Amino acid sequence: MEEKNLYPTICPYCSLGCGFFLEVKEGKVAGLSYMPGHPVNEGSLCPKGNASTEVLTHPDRLLHPLLKTENGWKEISWEEALSLAAAKMGSVLQEYGPDALAFLGSAKCSNEENYLFQKIARLLGTNNVDNCARLCHASTLTGLGKSLGAGAMTNPLSDLENSDCIFVVGSNFAENHPVISRWILRAKERGAFVIVADPRRTPSTWLSDLFLRLKPGTDIALLNGMMHVIVSEGLLDREFIRKRTRDFEGFERILSEYSPEAASAITGVPAGDIIKAAREYAKADAAAILYSMGITQHISGTDNVIACSDLALICGQVGKKGAGIFPLRGQNNVQGACDMGSLAEYFPGYGKVGDKEAAARLKKIWAAEKLSEKPGLTTAKMSEAARAGKLKALYLLGEDPVNSHPDSLNVRKALEKLDFLVVQDIFMTDTAEYADLILPAAAWAEKEGSFTSTERRVQWISRAIAPPGEAKADLDILLGFAEKLGLGLEYRDAGEVLAEISRVVPMYGGITKERLLQAYRVSWPCPETGHPGTPILHTERFNTPDGLARLIPVEYRSPAESPDPAYPFLLTTGRTGLHYNGGSMSKRSSFLLEKEPELFVEINPSDAQTMEIEEGNNIILETRRGSTQAKARLTERVSRGVLFMPFHFSGTNMLTGDALDREAGIPEFKVSACRVRRV
Amino acid sequence: MKEVLIRPELCMGCRSCEIACAVEHSESKNLFAAIMEKPTPQKRIYVEYVPEYNAAIPMTCRHCEDAPCTTVCPTKALKQDEITRVVTHSTDLCIGCWACSMVCNYGVIGRQKEARVAVKCNLCPGREIPACVEACPTNALVFLEVKKLSGVKRTEAALKLARGMQGKAL
Amino acid sequence: MNERIRLIIADEKKCIGCRACTSVCPEGIIHFSEEGGMRNIQFPGSCTLNCELCALNCPENAIMFLLREESNIEENIEGKLGGKLEGEKKAGENRVLLPDRIISLKLMPCRKCGATFATLKEIEKVRKAISEKVPLPSGGDFWMELCPGCRRGTFREKEAKTLLMTRKF
Amino acid sequence: MPTAVYCDLSRCIGCRACELACQRENKTSRISLEVVEGLAPVPVSCRQCETPLCTAPCPGGALRYENGRLEYDAEKCTGCGLCILACPFGAAVLKGGVIERCDFCPEKEIPVCVATCPTAALFCAEAESFGKNIRHRNVEKMKKILDPSIAAGREGRR
């Protein structure tokens, strides 16, 4: 029998960075086996991880560069494709200037690819480069950046095991990051108290000791209410506040308006439960806060994040074992894509665009003459600019905005309006239908590169198999594209790009391919070669100029849209356990699709009864932006007046609005006013 | 209804209850003969030792209302008396699927090795006081109604208080 | 290959309709279908293969083979099955051709979902086998009236009930 | 030894990784998970009973209880499916003339469903060991409540 070769790899789905082995036989994927030694998942894998190999062998994979012609798609050579892309982008550049170009990077691509991608954009003279972090955790970057100085998870996931109280707010971790449940349960076995705040009753709440069922969009009121209890009962960590933070005086004043009773009136959570949660959190020796898109995807996203950070700071629950703030991010490399500066307002390593010093440093390393000092367009602004005719050409790296961006009807309009659209992806997507040119890319195990997980763990993926057909690694495609543009970027492989990254991005200073291959996981910041990496942030000082964390008072603001007589329901969106984001990968797994085949909407049985809706009925949902049809699922998971829809199927984002957070530009996916009728 | 109630603060972990239970459920009902018996007589009460506190807690079937073990048993080997709430187990009907053991919230359903069936407390039918309670030297196990136990504890607390007062008065 | 043609004789009284024969037949010439609450097993009159797998695998020993050339064929059949087979005997030949033979057995509908899942005879056989092993009281084998899917569902619901008793949220 | 794939229901989050892993390993999933009323997930697979009813009607001795465990011999199996009708849990299916039931993934060290379970709800161990775990868990809970009185009681006796 032919021997199977085992290649260690990292799951391509969510941001936890779970490890497993790919079984390769005669150059083909033969299966996967578990990796009990991996520090994040200890060998376990969620259903998506188990289904990940189906992506590699799927018949729908894009195999050749495709050009849109009047007679449909035409296969062309790589030479033609790259020349065309460079020529078209070049002519737009000449005619309309660099800001008529935009580049949308991918949090599914490696650090090296994202680095190169934004470098190309910036060398062309524009900061119009962004990635899908804008849609999930942009508010974490701005919020935690302001208060702690670093928009990243403070402690490793496995550290949750050491917590005595785990406060989960706006995260359905059990379905979206199932492996985290492992660590939470382990903490529970040790006697930890688990609090879950969520509008829905979900598998995560099953694991909780206290469930706070709040109204969508009222997180700040809840957090301020808890802080009110902590301050008035004197449960603060005064020493920590004095030594490690500033601005406490002004901060304390704003809380007076959020007595538990007042918070209860806004959130719908009983005042007693708010008090209990506050006491449990503040009295714990080590307490952790987990949050996710239930916090970030609001018009008050940045403020929500700040409120979480405030709560942790006044209780002194940052910078030690078992404590900290855990933003659970989305894509497998969303942390890395942001670190690499695939963002409109940040250079690699979070130097602000417009900051002279940061620009000068970059110019020197890149040997570039000029870099744009104007912050670029964020994803939502790109769509707006394209509709206004200001944006002419767009390069999409593994993104599917038609399904993943809010208000998809407007996104479609924007894509139609573009002069030239390049889509680089592994599958045909709804967005790729609008492309002028499609470039077939390699999937994760078909290329090499480093990926940074949500806990800042940088891991190397080696190439296990060859890409199908003529598909190429993203890095090779980008290098070819840059060559045609005459940008003079020369790298032999991903390792060489990483070597440059370690010079440009301070926290990757000591991270090289050789090191990652040896002990294929290092947590940044790792500023120099001998540095062991930093699993826990902020142990001594915060990443602010004076080393102190900021306590920033935030006020509750109601969501952009609230239910009214015309649109009486409150629609919130999220993920199910079996699918992943836009679904271009997970919806190609026969098993996942078999178990969760179509768009559904969760509705409370008593609401359904008054509207005479029965289980499995097709119903029409309408918001001010569009309407869609879905199967009704009657369940107590949602409370009365609330609807829940997953966003994996096209349709959901026709309903969501594009109201944005002022600072982070993140859209409010989580709250829309909606009405329902039977078909 | 009377139950086997535990007062962990009185338990000294001597495991007399475990031995008495195994003997009571043997053929011979005699300790020395029981040791030699096949199948080996088995205990249905478990004393869990807690090293941090140098303490022990005896655990046995609570004869839950609407007992989960009887709900899941496919062959009705486990049955609950509607009036007395006592959950009994029939070895003849047991198929050894361990569904009961999985849903028991107290982990007090054991396994009889030779017969490969479940064993659990049956409150010693034919005895006025279960063997474990009778054997307990410190009254950490009592066979009482819950209400009665509260009364006992009340009396004890009052006594303690009275003693304290007397001390003051002197 | 052996060219001798042999007759397949299936005993309607013994057959419980388990389909072991259909699944083992290398030629796939024993068919079954289900309609109108009946399971029909269709045996060909004869077979040329020398395998006898169907007979070997039949849990009820309900299948036997006879060489077509055997002279006392009618008596054989009649003797063994205790009835007359409607074979066709051609003039001048001592040979019998049997038509395809269909055995129809009543199916049991699942008490919960209504879908048929086994023949009454299968259920009867299994019930008997179980009762010899475990002395269930009457009605103690309630699951025999349920299809396997509903057995899973019923057991699942019971376990879920015990779980929900302790689940707060 | 009564070893089977059991589930600690209080840990299960109904993610279905077990089903998927089993399907990948064995082509057909031998473990089936549904979430009852959207609130209580329960996986069902072969319980490896110690007095298995499935062996009772087996004509060829393909399924038998031997060496303290349920053994299945596909060679001897006639594919009659009577075992499936005997199982109270509906835990096996007939596919292509053989029985599909949990056989602990003989090629793997531990069954794939157990290995993949993100919450370690599924486990492959003796039934008694689970009872023991539950008792320990309860002791942990009781410790919180009884702590002062136990400590006081001990002190007096030492």
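Just so you know, these numbers come straight off a predicted model, no measurement behind them. Here is the naming used below: chain letters follow the sequence lines, and residue numbers restart at 1 for every chain.
Counting non-hydrogen atoms of other residues, nucleotides and ligands closer than 6.0 Å to NZ of D:K132 gives a total of 12 or fewer. Counting non-hydrogen atoms of neighbouring residues, nucleotides and ligands closer than 6.0 angstrom, the CD atom of C:E34 exceeds 12 such neighbours. Within 6.0 Å of atom CD in C:E132, more than 12 heavy atoms from other residues, nucleotides or ligands are found, so the atom counts as buried in its surroundings. When the shell of 6.0 Å around NZ of C:K128 is examined, it contains 12 or fewer heavy atoms from other residues, nucleotides or ligands.
Of all heavy-atom pairs spanning C:R167 and D:P41, the tightest one is NH1-CD, 3.7 Å. Residues C:A160 and D:A40 come closest through the heavy atom pair CB-CB, 3.7 Å. Nearest heavy atom pair, residue D:E37 against residue C:L164, reads OE1-CD1, 4.3 Å. In terms of heavy atoms, C:V24 sits closest to D:T78 at CG1-O, 3.8 Å. Shown here for D:V44 and C:F155, the closest heavy-atom pair between the two residues is CG2-CD2, 4.2 Å. Here the shortest heavy-atom pairing between C:R152 and D:V93 reads NH1-CG1, 4.4 Å.
C:S131 contributes atom OG, which lies 10.5 Å from atom CG of D:L53 (distance to the nearest 0.5 angstrom). Taking CG of C:L163 as the reference point, atom CG of D:D8 lies at 9.5 Å (rounded to 0.5 Å). Note that CD1 of C:I123 and CG of D:L82 are 9.5 Å apart. Values are rounded to the nearest 0.5 Å.
With a threshold of 4.5 angstrom between heavy atoms, C:I16 approaches chain D through side-chain atoms but not through N, CA, C or O. Neither the backbone nor the side chain of D:C7 comes within contact range of chain C; no heavy atoms are under 4.5 Å apart. Both the backbone and the side chain of C:I130 come within less than 4.5 Å of a heavy atom of chain D.
A donor-acceptor pair under 3.5 Å is absent between the side-chain atoms of C:R156 and the main chain of D:V36, judged by distance alone. One N or O on the side chain of C:K133 and one on the backbone of D:P52 form a donor-acceptor pair closer than 3.5 Å. No side-chain donor-acceptor contact under 3.5 Å links C:R151 to the backbone of D:A91.
Considering only heavy-atom pairs separated by less than 4.5 Å from chain D, the leading option among C:A129, C:A20, C:P148, C:G149 is C:A20. Each of D:P43, D:C87, D:G60, D:C54 has some count of heavy-atom pairs under 4.5 Å with chain C, and the biggest count is that of D:C87.
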C:E159 and D:L9: side chain to side chain contact (heavy atoms under 4.5 Å, CB included), yes or no, with the steps?
CA-CA 9 Å; C:E159 283 216 318; D:L9 292 179; 3.8 Å; yes
